[in-house]
Visitor: 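For reference, the structure I am asking about is given below.
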Amino acid sequence: MFGVYLTHPQVRIDPDVPVPQWSLSDLGRERTRMTAGQPWVRLLGRIISSTERKALETAAILADAAGIPVETDEEMGENDRSSTGFLPPDEFEKAADRFFAHPEESFMGWERALDAQMRISRAVFYILERHDPTVPIAFVGHGGVGTLLKCRMTATAIARSADQLPGGGNLFAFRLADRAVTCDWTAMEFWQG
C-alpha cells in the first residue's frame, strides 16, 4: 500500500495576512478538485493535514472525495518564517536558497532546516508507526517541510535541488511497508497511484 506527502497548490498571496492564514487561489482549488477525481484518492483511509488554512482547504477537498474526515497535526506546519513575515517573491527565493544551503543556521530568525526536518519527520513517523500499513494514507502540508521529509526518507542531504516543482500542489509517494520513496515530486493531478 502507498502513502503520499502532498503539498498545497497555489495560494492567494496577501502581504497583509499572516502566511499560515493564506487560502487557496482559484487555480489551487481547481487543481485540488482535479486531483480529487483521481481513483487513488478514493482509496485513502486517512488524510492528515497541517493546521495552516491552505493545507486544510486542500485536505478538505480530498477528504470529501474519499468520504473520510481530515485529521490535523500542528507539527506538520511549514518552517516557521514569522520573524521576517511576508517577503516579495525574489527575496523569498533567495531566503529559501539560504535556508536549504545552510540547514544548521537560522536565516534572520527562521526555524532552522535541521529543526524543521526533525519536527516534520517526528510527526509523520509517529503517525506511520501507529498506522495500519494496509490502509493508504495522505499527509497534506507544505513544500519546505515536505522537501525536508523527502530528504530524510531518501537518506540524502538537505538541498534545494530536492525541492518540489514550482507552484506547489505536488506529491511524492512511498511504500507503507518500508517507507521507501517510490516516486519523486509529481504534479498531484497527474499522479496515477
Side-chain angles (χ1 to χ4, degrees), residues 1-79 81 85-93 95-96 116 120 123-124 127 135-150 160-174 181-193:
M1 283 293 127
F2 67 89
V4 295
Y5 184 94
L6 186 145
T7 68
H8 65 81
Q10 288 85 351
V11 298
R12 283 196 184 107
I13 296 173
D14 185 344
D16 297 325
V17 173
V19 175
Q21 295 174 21
W22 285 356
S23 63
L24 293 178
S25 67
D26 291 341
L27 176 58
R29 287 182 193 287
E30 179 58 29
R31 289 187 62 207
T32 306
R33 284 193 288 272
M34 288 174 58
T35 303
Q38 291 289 345
W40 64 266
V41 173
R42 290 187 297 280
L43 299 175
L44 293 172
R46 289 179 78 189
I47 296 175
I48 295 94
S49 175
S50 157
T51 58
E52 294 187 29
R53 182 174 178 186
K54 52 199 170 277
L56 283 169
E57 290 176 354
T58 304
I61 294 169
L62 299 177
D64 185 55
I68 58 176
V70 174
E71 301 171 52
T72 60
D73 188 329
E74 288 193 20
E75 294 296 298
M76 287 179 45
E78 184 59 288
N79 61 301
R81 306 187 299 254
F86 173 79
L87 293 174
D90 287 348
E91 287 181 45
F92 174 78
E93 291 303 321
I120 187 67
V124 169
I127 291 166
V135 177
I137 187 171
F139 295 91
V140 181
H142 311 277
V145 291
T147 298
L148 297 171
L149 176 65
K150 184 173 75 85
R160 184 85 196 259
S161 60
D163 201 0
Q164 69 170 335
L165 305 168
N170 299 288
L171 64 77
F172 69 87
F174 55 92
V181 172
T182 58
C183 115
D184 204 347
W185 291 117
T186 302
M188 63 185 186
E189 65 269 38
F190 299 131
W191 190 63
Q192 298 297 309

Visitor: Please enumerate all residues that pass side-chain hydrogen bond (donor to acceptor under 3.5 Å, both in side chains) together with Asp90, with sequence neighbours excluded.
Guide: none

Visitor: According to side-chain hydrogen bond (donor to acceptor under 3.5 Å, both in side chains), who are the partners of Arg29, at least two apart in sequence or on a separate chain?
Guide: Glu57

Visitor: Once side-chain contact (heavy atoms from CB on, under 4.5 Å) is applied, do any residues pair with Phe92, and if so which ones, sequence neighbours excluded?
Guide: Arg81, Leu87, Ala96, Trp110

Visitor: Can you name the closest pair of heavy atoms from Leu62 and Val41 and give their distance?
Guide: O-CG1, 3.6 Å

Visitor: Determine which pairs satisfy ring pair (Phe, Tyr, Trp, His ring centres under 6.0 Å) with at least one residue from residues 48-79, sequence neighbours left out, and list them in order.
Guide: none

Visitor: So do the side chains of Ser49 and Thr58 get within less than 4.5 Å of each other, counting heavy atoms only?
Guide: no

Visitor: What is the minimum heavy-atom distance between Phe2 and Trp40, and which atoms define it?
Guide: CZ-O, 3.8 Å

Visitor: Just verifying a value: how many Å separate Met76 CE and Ile120 CD1, rounded to the nearest 0.5 Å?
Guide: 5.0 Å

Visitor: Using side-chain contact (heavy atoms from CB on, under 4.5 Å) as the criterion, list what pairs up with Asp14, not counting sequence neighbours.
Guide: Asp16, Val17, Trp22

Visitor: Hey, does Leu171 have a side-chain heavy atom less than 4.5 Å from the side chain of Cys183?
Guide: yes

Visitor: Is the side chain of Gln164 donor-acceptor paired with the backbone N or O of Thr7 at a distance under 3.5 Å, no angle test?
Guide: no

Visitor: Of the non-hydrogen atoms in Ile68 and Leu44, which two are nearest, and what is the gap between them?
Guide: CD1-O, 3.7 Å

Visitor: How would you list, by chain and number, every residue that makes a ring pair (Phe, Tyr, Trp, His ring centres under 6.0 Å) with Phe172, sequence neighbours excluded?
Guide: Tyr5, Trp185

Visitor: Is Gln192 reaching over with its side chain to a backbone N or O of Phe190, donor-acceptor style, under 3.5 angstrom?
Guide: yes

Visitor: Please find the pair of heavy atoms, one from Arg31 and one from Gln10, that lie closest to each other, and give the distance.
Guide: NH1-OE1, 3.1 Å

